[in-house]
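Have a look at the structure below before the remarks.
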There are 2 protein chains.
Amino acid sequence: MNNRIDAKYQEMAKISKALAHPTRMFIIDKLNENEHCVCELTDLIGADISTVSKHLSVLKNAGIISAEKRSNMVYYTLRCSCVLNIFSCVMNVIQSNFESAKQIIE
Amino acid sequence: MNNRIDAKYQEMAKISKALAHPTRMFIIDKLNENEHCVCELTDLIGADISTVSKHLSVLKNAGIISAEKRSNMVYYTLRCSCVLNIFSCVMNVIQSNFESAKQIIE
DNA sequence: TGCCTATTTGGCAAAACTGCCAAATAGTGT
DNA sequence: ACACTATTTGGCAGTTTTGCCAAATAGGCA
């Protein structure tokens, strides 16, 4: 693995790592429907607000969501609909795993 | 987040987590071209063979790759082409992030 | 059987991630 | 300026991940 190639996989892993948490997956799903401020998401998730804020910052650092401050609230939105493709691709993998398991059992 | 919904995001995060490492991304890219045994991948990656074996087991547990033993080697293959969709979706996000950065700079 | 190669597993230390609390920051309204 | 709300940041303990070494397992071949 030379450096140039390595940088590519590093970058890809960074995106994937940002998605690799149930709460962050949930956030993406919610932001797909609507923009949401931190406190709205916090209510939906039921964790400490600082925890939610940190999850949001992980997603933001990966370039997956973006923040806009209005009055004293920060509203988050999906930055690029391509994330949703990843979302449904992941569901496809799960579906495919399920089908395989089903075949083995039946 | 009720339990049923939570299970869904848990499952999605599990897939994403399995991809969330540069070496594993690299492995997927290689397996897309060809099946490979552990020692071939080890040569390409340049890490300890036990490290590579463990990465492979992570991917296998997530249902992303499958193993076939022939003689005393184990050959790994992508289990489902849908993983490649994730792969290119991730590249799209990176591309999109890059375009945004470019616009800001220019 | 014994030796060799390929792979997996156990164990351990270092690094990264998570989630809470408390404190800091920023904006609103009085 | 002060109080109040929304959010971020720092810090810390607990958990998970990572990567190496050494040992165990499995198959091929003499």
Side-chain angles (χ1 to χ4, degrees), chain A residues 1 6-7 9-28 30-31 34-77 79, chain B residues 1 6-7 9-28 30-31 34-77 79:
Chain A
M1 276 214 278
D6 189 50
Y9 298 106
Q10 203 88 41
E11 201 55 35
M12 296 184 75
K14 188 180 149 190
I15 303 289
S16 197
K17 204 178 287 192
L19 302 174
H21 192 287
T23 299
R24 294 197 289 268
M25 281 288 183
F26 176 80
I27 289 172
I28 289 169
K30 280 302 153 197
L31 294 186
N34 261 309
E35 66 168 17
H36 284 291
C37 67
V38 184
C39 59
E40 286 168 343
L41 290 169
T42 301
D43 282 347
L44 291 168
I45 293 165
D48 193 274
I49 190 167
S50 71
T51 300
V52 174
S53 177
K54 277 177 185 171
H55 281 304
L56 287 165
S57 103
V58 169
L59 290 170
K60 195 173 147 208
N61 278 327
I64 291 169
I65 63 178
S66 60
E68 186 193 333
K69 185 148 199 171
R70 293 206 297 277
S71 133
N72 59 347
M73 271 120 114
V74 178
Y75 288 89
Y76 282 92
T77 46
R79 221 178 58 63
Chain B
M1 277 213 277
D6 190 51
Y9 297 107
Q10 204 89 40
E11 201 55 35
M12 296 184 75
K14 189 179 146 192
I15 302 291
S16 199
K17 204 178 288 191
L19 302 174
H21 193 287
T23 300
R24 294 198 289 269
M25 281 288 182
F26 176 81
I27 289 171
I28 290 169
K30 281 302 152 197
L31 293 187
N34 262 309
E35 66 169 16
H36 283 290
C37 67
V38 184
C39 60
E40 285 168 345
L41 290 169
T42 300
D43 282 347
L44 291 167
I45 292 165
D48 194 274
I49 191 167
S50 70
T51 300
V52 175
S53 177
K54 277 177 185 171
H55 280 305
L56 287 165
S57 104
V58 169
L59 290 170
K60 194 171 149 211
N61 278 328
I64 291 169
I65 62 178
S66 60
E68 187 194 335
K69 185 149 198 170
R70 292 207 297 279
S71 131
N72 59 346
M73 272 120 113
V74 179
Y75 288 91
Y76 282 92
T77 46
R79 221 178 58 64

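Summary for the helix from C/dT1-D/dA30 to C/dT30-D/dA1: the axes at its two ends, each from 5 pairs, differ by 20° when rounded to the nearest 10 degrees.
Using a 4.0 Å cutoff on non-hydrogen atoms, the parts of residues 10-18 of chain A near DNA chain C are A/Lys17, ordered by number.
In this structure, the side-chain contact (heavy atoms from CB on, under 4.5 Å) partners of B/Thr77, at least two apart in sequence or on a different chain, are B/Glu35, B/Ser66. Considering only residues two or more places apart in sequence or on other chains, B/Lys60 meets the side-chain contact (heavy atoms from CB on, under 4.5 Å) condition with B/Ile65, B/Ala67, B/Tyr76. For A/Lys17, there are no salt bridge (charged side-chain N to carboxylate O under 4.0 Å, His left out) partners two or more places apart in sequence or in a different chain. Contacts of A/Glu68 classified as side-chain contact (heavy atoms from CB on, under 4.5 Å), with partners at least two apart in sequence or in another chain: A/Arg70. B/His55 is linked by a side-chain contact (heavy atoms from CB on, under 4.5 Å) to B/His21, B/Thr23, B/Arg24, B/Ile27, B/Thr51, counting only residues two or more places apart in sequence or in another chain.
Between the P atom of D/dT18 and the CG atom of B/Leu59 lies a distance of 10 Å, rounded to the nearest Å. Rounded to an integer number of Å, the gap from A/Phe26 CZ to C/dT18 C1' is 18 Å. Computed from coordinates, the A/Glu68 CD to C/dG27 P distance equals 14 Å when rounded to whole Å.
Separation of atoms CD1 (A/Ile15) and CG (A/Asn61) is listed at 10.5 Å; rounding is to 0.5 Å. Here A/Ile28 contributes atom CD1 and B/Met12 contributes atom CE; the two are 8.0 Å apart, rounded to the nearest 0.5 Å.
For A/His55, a side-chain nitrogen or oxygen approaches OP1 or OP2 of C/dG19 to under 4.0 Å. Considering only side-chain N and O atoms, A/Arg70 lies nowhere under 4.0 angstrom from the phosphate OP1 or OP2 of C/dG27.
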Return a table of donor-acceptor pairs under 3.5 angstrom between the side chains of residues 40-50 of chain A and protein atoms on other chains or two or more places apart.
unit_1: A/Glu40; atom_1: OE1; unit_2: A/His36; atom_2: ND1; d: 3.1
unit_1: A/Glu40; atom_1: OE1; unit_2: A/Cys37; atom_2: N; d: 3.0
unit_1: A/Thr42; atom_1: OG1; unit_2: A/Val38; atom_2: O; d: 2.7
unit_1: A/Asp48; atom_1: OD1; unit_2: A/Ser50; atom_2: N; d: 2.9
unit_1: A/Asp48; atom_1: OD1; unit_2: A/Ser50; atom_2: OG; d: 2.7

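Between B/Ile64 and B/Leu19 there is a side-chain heavy-atom pair separated by less than 4.5 Å.
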Whether each nucleotide of nucleotides 4-12 of chain D has a protein heavy atom under 4.0 Å at its base (B), only at its sugar-phosphate (S) or at neither (-) is summarised, 5' to 3', as -BSBBBBB-

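The two residues B/Ala13 and A/Met25 have their closest heavy-atom pair at N-CG, 4.2 Å. Heavy atoms only, all atoms of each residue included: B/Ala62 and B/Ala18 are closest at CB-CB, 3.5 Å.
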